[in-house]
There are 2 protein chains.
Amino acid sequence: MPSTRKTTNNAAGDVFTAVAHPVRRQILDRLALGEMTVSMLAEPFEITRPAISQHLSILLESGLVAIEKRGREHYYQIRPDNLNEIYRWISHFERLWPEKLDDLGDYLDKLKAEEDAEG
Amino acid sequence: MPSTRKTTNNAAGDVFTAVAHPVRRQILDRLALGEMTVSMLAEPFEITRPAISQHLSILLESGLVAIEKRGREHYYQIRPDNLNEIYRWISHFERLWPEKLDDLGDYLDKLKAEEDAEG
DNA sequence: AGAATTTGTAAGACATCGCTAACGTATGTT
DNA sequence: AACATACGTTAGCGATGTCTTACAAATTCT
């Protein structure tokens, strides 16, 4: 067979692909502060608003954001649950990486403690 | 300015980009079992060995693998430290995601406990 | 109704990615 | 020396990604 093209990449909605682009990570960083419209979201970036819109489509497909339309404004909200997939994958390397990951465990414990203290 | 092309993506060696491709993740999964030569590494994949070699170059640039040449064989070893960058980034969303991440915290505690038990 | 606002979509330019085939290089074998 | 093995590199291709400009659709305002 001279050329059975496979191109086994990027199943639509893949979370790893979604977070691979720095702009999309920054979008998620911003959304962590609270829901925002596209215009608010696009403000600090140097690319055009349609470009942001396209990034948001990719984030939508990955399930990392949700949209809620109110009038003519579209509010985007973060949905971090699917980041779990990345988290779990990385945690498989914990055995090879005890020190760093123990640090992170402590870090998470600390965050949780703070949360409990506040609540 | 009519068209100052920026293309602000993929600084060489970016870890997020390195793990975005499923083949590269599978390579890391295999290397977690122990060091391997390129041929051993390429065996289960349906793509050619040079393609694997190119993926390995990207993993090398990201610092996620190291190479040790012994004779004509090149042994690749996993270097998971830089995964920490991803881990830390994701952990910033913990506050929005308490349940899942608590589960992961438990998971890590369990892994660590097993490790300690093994001695 | 008509104009302004907010957003998504389409088309096209351009760069980059991922792959194969072919070749080059270094090491080992006979 | 000649050949075999293990690997990297290059050239070239088709596919995909990212961006801009232009436009369409929905909502709000006057």
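Here is the naming used below: chain letters follow the sequence lines, and residue numbers restart at 1 for every chain.
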Notebook entry, point to check: Quick one, which residues of residues 49-63 of chain A touch DNA chain D with a heavy atom under 4.0 Å?
Noted result: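 Those residues are A:P50, A:A51, A:Q54, A:H55.
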Indicate whether OP1 or OP2 belonging to [N] is found under 4.0 Å from a side-chain N or O atom of [X].
X: B:T37; N: D:dA6; value: no
X: B:S39; N: D:dT5; value: no
X: B:H74; N: D:dG8; value: yes
X: B:R72; N: C:dT29; value: no
X: A:Y76; N: C:dT6; value: no

Between atom [atom1] in [X] and atom [atom2] in [N], what is the gap in whole Å?
X: A:Y75; N: D:dT27; atom1: OH; atom2: P; result: 15 Å
X: B:R24; N: C:dG18; atom1: CZ; atom2: C1'; result: 9 Å
X: B:R70; N: D:dA6; atom1: CZ; atom2: C1'; result: 14 Å
X: B:E68; N: D:dC7; atom1: CD; atom2: P; result: 14 Å
X: A:E73; N: D:dT27; atom1: CD; atom2: P; result: 13 Å
X: A:D14; N: D:dG17; atom1: CG; atom2: P; result: 11 Å
X: A:M36; N: C:dT6; atom1: CE; atom2: P; result: 16 Å
X: B:E35; N: D:dC7; atom1: CD; atom2: P; result: 12 Å

Looking at [X] and [Y], what are the two nearest heavy atoms and their distance?
X: A:R25; Y: A:A20; value: NH1-O, 3.2 Å
X: B:L56; Y: B:Y76; value: CD1-CE1, 3.6 Å
X: A:L60; Y: A:V65; value: CD2-O, 3.4 Å
X: B:I52; Y: B:A42; value: CG1-CB, 3.7 Å

Checklist line | Parallel, tilted or perpendicular: rings of A:H55 and A:H21 (30°, 60°) | finding: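 Judged by the thresholds at 30° and 60°, the geometry between A:H21 and A:H55 is tilted.
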Notebook entry, point to check: What residue pairs, at least two apart or across chains, pass salt bridge (Lys or Arg N to Asp or Glu O under 4.0 Å) with a residue in residues 27-44 of chain B?
Noted result: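 For residues 27-44 of chain B, and leaving out neighbouring residues, the salt bridge (Lys or Arg N to Asp or Glu O under 4.0 Å) pairs sorted by first residue read B:E35-B:R70.
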Note to self: Can you confirm whether B:L64 sits close enough to B:V19 that some side-chain heavy atom of one is under 4.5 Å from a side-chain heavy atom of the other?
What the structure shows: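 They are in contact (side-chain heavy atoms under 4.5 Å apart), so the answer is yes.
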